[in-house]
Amino acid sequence: MTKPVPTSPSTIGNSTDPDLGRRLEHSHNGVAHSLPSVSQSLVELYRETPPVLAPDGTQVGPFPAGLTPADGVTLYRWLLLGRVFDEKAVHLQRQGRMGTYPPLVGQEAAQAGSAYALHPEDWLIPSYRDHLAARMRGLSFRYTLMYWMGIEEGNRIPDDVQVFTTAVSIGDQLPHATGAALATQLLHEKRAFIVYFGDGATSEGDFHESLNFAGVYRLPLVYFCQNNQYAISTPRTRQTASATIAQKAIAYGFPGERVDGNDVFAVYDAVHRALERARAGEGPTLVEAVTYRLGPHTTADDPSRYRSKDEEEIWAKQRDPLLRLRRFLQSQNLWTDEDEERARAEAVAEVQQEIAAAEAAVQEAKRHPEQIFDHTFAKLPLYLQRQRQEFLTVTRGDNGQS
Amino acid sequence: MAAVTGEEGRGVAVSTPHRTSKNGSTNGSASLNLNLVEAINQALHLAMERDSRVVVMGEDVGRNGGVFRATDGLWQRFGPERVIDTPLAESVIVGAAVGMAAFGLRPVAEIQFEGFTYLAFDQLVTQAARLRNRSRGRFRVPLVLRAPHGGGVRAPEHHSEAPEALYAHVPGLQVVIPSNPCDAKGLLLAALQQDDPVIFFEPKRIYRAFRQSVPQEAYTVPIGAAAVVREGHDVTVVSWGASVHSVLDVIAKHGVDDNNSTDHAASADGIGHLDVDAVSHLDVELIDLRSLKPWDEETVLHSVEKTGRLVVVQEAWQTGGFGSEIISRVAQKALYSLQAPPVLVGGWDIPVPLAQLEREQLPSSVRIRAALAQVMQG
Ligand SMILES: Cc1ncc(C[n+]2csc(CCOP(=O)(O)OP(=O)(O)O)c2C)c(N)n1
Ligand SMILES: [Mg+2]
């Protein structure tokens with residue numbers, strides 16, 4: 001048996017090698033059973049982002065290109081805003097002023113670091129827990145609140161906000177992102193897409209089919225997985241036998257990069273480079289941000305049924321993304337306790353204003369329930385006009401009772 | 001125990017109250033006071049004890065006991081090999097269950113919400129439903145697919161659907177939907193005796209709405225047999241799942257001995273030309289279909305021949321819903337018994353609204369009363 005000849009790794013690594021498959025097929029040279037080895041090029045598709053901040057906030061690596069410590073202040077304000085919003089939203093649910101709500105607590109750095117890397121022309125395609133990332137793209141919290149309070153207007157993203165609708169059916173948004181990126185490619189537009197999803201979503205067929213498709217067309221798309229260790233009660237280790245989620249990209253022929261999702265600068269670094277690749281026409285990247293869902297899956301979930309308090313404590317006390325960044329900023333004399341107080345007060349004020357706006361929107365929607373018919377089609381067909389009429393004449397007399 | 005049917009079980013009149021109150025009492029040691037989700041849990045316990053081929057699988061069904069706790073305690077009792085926490089992959093859950101069923105097991109696959117059965121649609125329609133036929137009987141699919149069904153609990157988007165007609169349309173699938181704890185247990189145990197796939201929908205709005213005295217031992221409620229919840233002579237109302245209770249609410253509120261004046265004011269307002277007052281004195285025959293495929297034509301036809309009037313109440317979308325199937329069959333088989341055109345009360349043909357306006361989609365009292373008034377006019 002001939003020893004396999006390693007392929008030169010030179011063309012592979014930073015970018016995918018579109019010719020790999022062709023070279024493999026044509027490199028037999030008539031020698032039976034002789035395949036050139038591709039192991040090196042496969043290995044090079046997998047990367048781990050160098051850390052910037054250690055969990056205790058000390059700097060352990062260089063800042064990503066284009067970022068300075070001062071960006072840390074801006075980012076910290078975002079992280080804090082995300083946390084304050086989350087606290088208030090959970091509280092609203094507990095008071096009965098909102099329906100089931102999926103908290104983001106613990107995942108602030110993953111969301112902020114990634115959203116911070118987007119350019120104005122880029123698009124964000126979220127899942128259902130990405131309230132902070134969407135806010136950073138310009139989606140006011142009132143929309144997020146309206147959606148979880150239970151009116152469709154929460155999904156009516158303003159025209160000047162480059163955020164797609166909330167995706168609740170797990171994995172459904174990945175093929176949409178694939179198609180959106182394909183549209184941009186076919187229309188010769190210069191922009192990238194980023195699609196958010198969880199560790200659990202990587203088990204769905206839509207995940208695999210979408211990555212495969214994007215790999216084939218080298219689409220301008222970043223797959224951003226927030227691996228928060230759980231899909232409701234199912235731990236990551238029961239979701240996949242792969243050592244990492246990032247490595248799954250290798251199977252589809254493009255890079256996968258694993259990053260500490262609670263190191264906001266490292267997340268920015270990984271996503272920034274992936275977006276640059278996408279905009280440069282070099283194809284998709286899968287970024288796995290390793291983080292932790294500090295709260296319940298949703299306000300209807302009880303995590304004590306499937307994970308230990310000790311485990312939660314470790315992540316809450318030793319790996320909190322806010323604490324990490326705050327310690328760093330304080331060590332650089334970039335953040336004081338007064339700054340903290342002021343930033344928190346500003347965040348609270350914003351969230352309170354958004355809650356008031358959302359609750360007003362809910363009241364408004366309830367004043368016009370017949371609008372449930374109005375967006376089913378571009379033009380209401382006759383049978384729906386009739387149903388709408390029946391609704392108005394019969395059901396509206398039922399107000400307040402059933 | 002009346003909901004538990006013996007002799008063929010067809011359209012057996014239910015003599016005990018269909019719905020016992022929260023403090024309804026248990027009948028000595030032989031029965032337990034259970035709500036619907038507990039009755040399902042108990043049926044699963046019994047089935048797994050009696051037949052080692054029964055395995056439960058799905059997302060969060062093991063350690064967590066299911067998001068509605070329907071599988072609570074099974075993992076602890078039967079272990080992770082028979083109560084399988086799966087990856088998040090509906091198509092594989094159902095597809096794997098088809099394979100497991102073909103190779104000697106009796107899988108009970110849980111899909112966390114009915115709205116996520118669509119991700120397994122291909123495996124259900126293309127495979128589960130027809131493997132027996134395709135293999136000329138060599139391979140069987142004794143698979144039970146359980147999923148919570150319907151709206152009314154203010155759940156998030158895609159969590160409040162009523163897709164039963166989609167599945168009832170498919171040759172090779174059986175579709176069942178209980179409306180009370182006794183039926184839930186008996187129908188689930190019956191489904192587990194089937195050699196062909198059963199879609200078992202559980203109305204989540206009434207998972208915990210009320211308790212019933214449920215016999216402790218195993219029993220079955222035959223698939224394909226309706227229950228006459230209440231006998232009457234004026235009009236036949238056919239319903240299933242949680243909507244049965246929407247009809248019962250109307251009957252209870254507007255029975256001969258109970259006239260709710262506030263409700264009358266509101267409804268008279270809306271219905272206008274219809275004589276809603278007359279509705280309060282109607283002697284309604286209420287049929288709970290319990291199984292949609294196969295469905296109990298004889299019981300419905302027999303009732304319509306007696307009353308001459310038919311109203312069908314469903315939560316599902318109107319166009320192509322199962323109510324249309326019932327009305328079509330009645331038109332084909334009992335047209336000359338009808339004294340008025342049948343009336344369908346169903347969800348509007350729109351995506352189920354989010355929580356704030358979701359109730360507008362459910363069959364409300366006022367719409368049921370309006371339908372009764374309309375059918376009595378003819
Ligand atoms: C197709 C589908 N199946 C099941 C569910 C129910 N469900 C909602 S979230 C969730 C877990 C998702 O886990 P993951 O992808 O890791 O995201 P996370 O919630 O951790 O952010 C499940 C099973 C759903 N929404 N959609
Ligand atoms: Mg997760």
Side-chain angles (χ1 to χ4, degrees), chain A residues 99-102 128 147-152 154-155 166 168-172 198-206 231-234 238-240 297-298 300-302 305-306 362 365-366 369-373 375-376 381 383-384 387-388 390-402, chain B residues 59-67 85-92 112-113 115-116 118-119 153-159 246 249 253 260 262-263 265-272 274 318-319 348-367 369-371:
Chain A
T100 307
Y101 166 80
Y128 49 85
Y147 181 78
W148 295 105
M149 284 174 177
I151 56 171
E152 280 75 3
N155 250 340
T166 306
V168 158
S169 188
I170 303 295
D172 280 17
D199 44 304
T202 68
S203 294
E204 294 279 14
D206 274 355
I232 308 188
S233 74
T234 308
R238 298 283 295 172
Q239 201 62 249
T240 175
H297 169 67
T298 65
D301 177 46
D302 172 12
R305 290 178 74 98
Y306 54 82
V362 167
K366 285 165 89 170
E370 70 282 1
Q371 286 179 6
I372 57 177
F373 290 91
H375 298 280
T376 312
Y383 69 94
L384 278 181
Q387 289 184 19
R388 193 180 193 273
E390 185 188 339
F391 173 83
L392 282 169
T393 51
V394 177
T395 306
R396 290 306 305 274
D398 191 34
N399 265 348
Q401 307 141 36
S402 75
Chain B
E59 295 155 15
D60 309 290
V61 298
R63 185 191 291 272
N64 200 38
V67 292
D85 272 325
T86 65
L88 210 178
E90 289 77 10
S91 180
V92 188
Q112 210 160 74
F113 286 86
F116 308 131
Y118 308 145
L119 282 83
V153 301
R154 304 173 69 85
E157 197 176 4
H158 313 300
H159 289 66
S246 307
D249 283 344
K253 266 191 210 161
N260 181 329
T262 14
D263 243 10
S267 50
D269 227 25
I271 298 166
L274 297 173
Q318 299 174 25
T319 300
W348 314 110
D349 285 324
I350 58 172
V352 180
L354 293 185
Q356 295 289 348
L357 293 173
E358 176 198 6
R359 62 181 285 281
E360 309 290 359
Q361 180 71 359
L362 303 172
S364 61
S365 297
V366 73
R367 287 188 65 206
R369 285 198 305 274

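In what follows, chains carry the letters A, B, and so on, assigned in the order in which the sequence lines appear, proteins first and then strands, with residues in each chain numbered from 1. A quick note: this is a predicted structure, and the numbers were derived from the prediction, not measured. Heavy atoms only: backbone and side chains are in, while hydrogens, waters and symmetry mates are out.
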- prompt: A:Trp148, A:Tyr128, A:Phe373: which one forms the most heavy-atom pairs within less than 4.5 Å of chain B?
  reply: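 If we count pairs closer than 4.5 Å to chain B, A:Phe373 comes out on top.
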- request: Report the option among A:Pro102, A:Ser169, A:Gly99, A:Gly205 that has the most heavy-atom pairs separated by less than 4.5 Å from atoms of chain B.
  value: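 Heavy-atom pairs under 4.5 Å are most numerous for A:Ser169.
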So for [X], is it side chain, backbone, both, or neither that comes closer than 4.5 Å to the heavy atoms of chain A?
X: B:Thr86; result: backbone
X: B:Val67; result: side chain
X: B:Glu358; result: neither
X: B:Val352; result: backbone

- request: Measure from the side-chain N and O atoms of A:Gln387 to the backbone N and O of B:Asp349, and report whether any donor-acceptor pair falls under 3.5 Å.
  value: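 Such a contact is found between A:Gln387 side chain and B:Asp349 backbone.
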Looking at [X] and [Y], what are the two nearest heavy atoms and their distance?
X: B:Pro87; Y: A:Arg238; value: CG-O, 3.9 Å
X: A:Thr100; Y: B:Pro156; value: CB-CG, 4.1 Å
X: A:Ala201; Y: B:Leu88; value: N-CD1, 4.2 Å
X: A:Glu204; Y: B:Leu119; value: OE1-CD2, 3.5 Å

field: When B:His159, B:Gln318, B:Glu157, B:His158 are compared by non-hydrogen pairs under 4.5 Å with chain A, the top option
entry: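 The option with the most such pairs is B:Glu157.
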- prompt: About how many Å separate CG of B:Leu354 and CD of A:Glu152, when rounded to the nearest 0.5 Å?
  reply: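 So the gap between those two atoms works out to 3.5 Å.
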message: Would you compute the distance between atom CG of B:Asp85 and atom OH of A:Tyr306 and round it to the nearest 0.5 angstrom?
response: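 Atom-to-atom, B:Asp85:CG and A:Tyr306:OH are 12.0 Å apart.
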- prompt: Taking only residues two or more places apart in sequence or in another chain, which ones pass side chain to side chain donor-acceptor pair (under 3.5 Å) with B:Gln361?
  reply: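 With sequence neighbours excluded, B:Gln361 shows a side chain to side chain donor-acceptor pair (under 3.5 Å) to no residue whatsoever.
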Heavy-atom cut-off 4.5 Å, strictly under: side chain, backbone, both or neither for [X] against chain B?
X: A:Tyr101; value: neither
X: A:Ala300; value: neither
X: A:Ile232; value: both
X: A:Asp206; value: neither

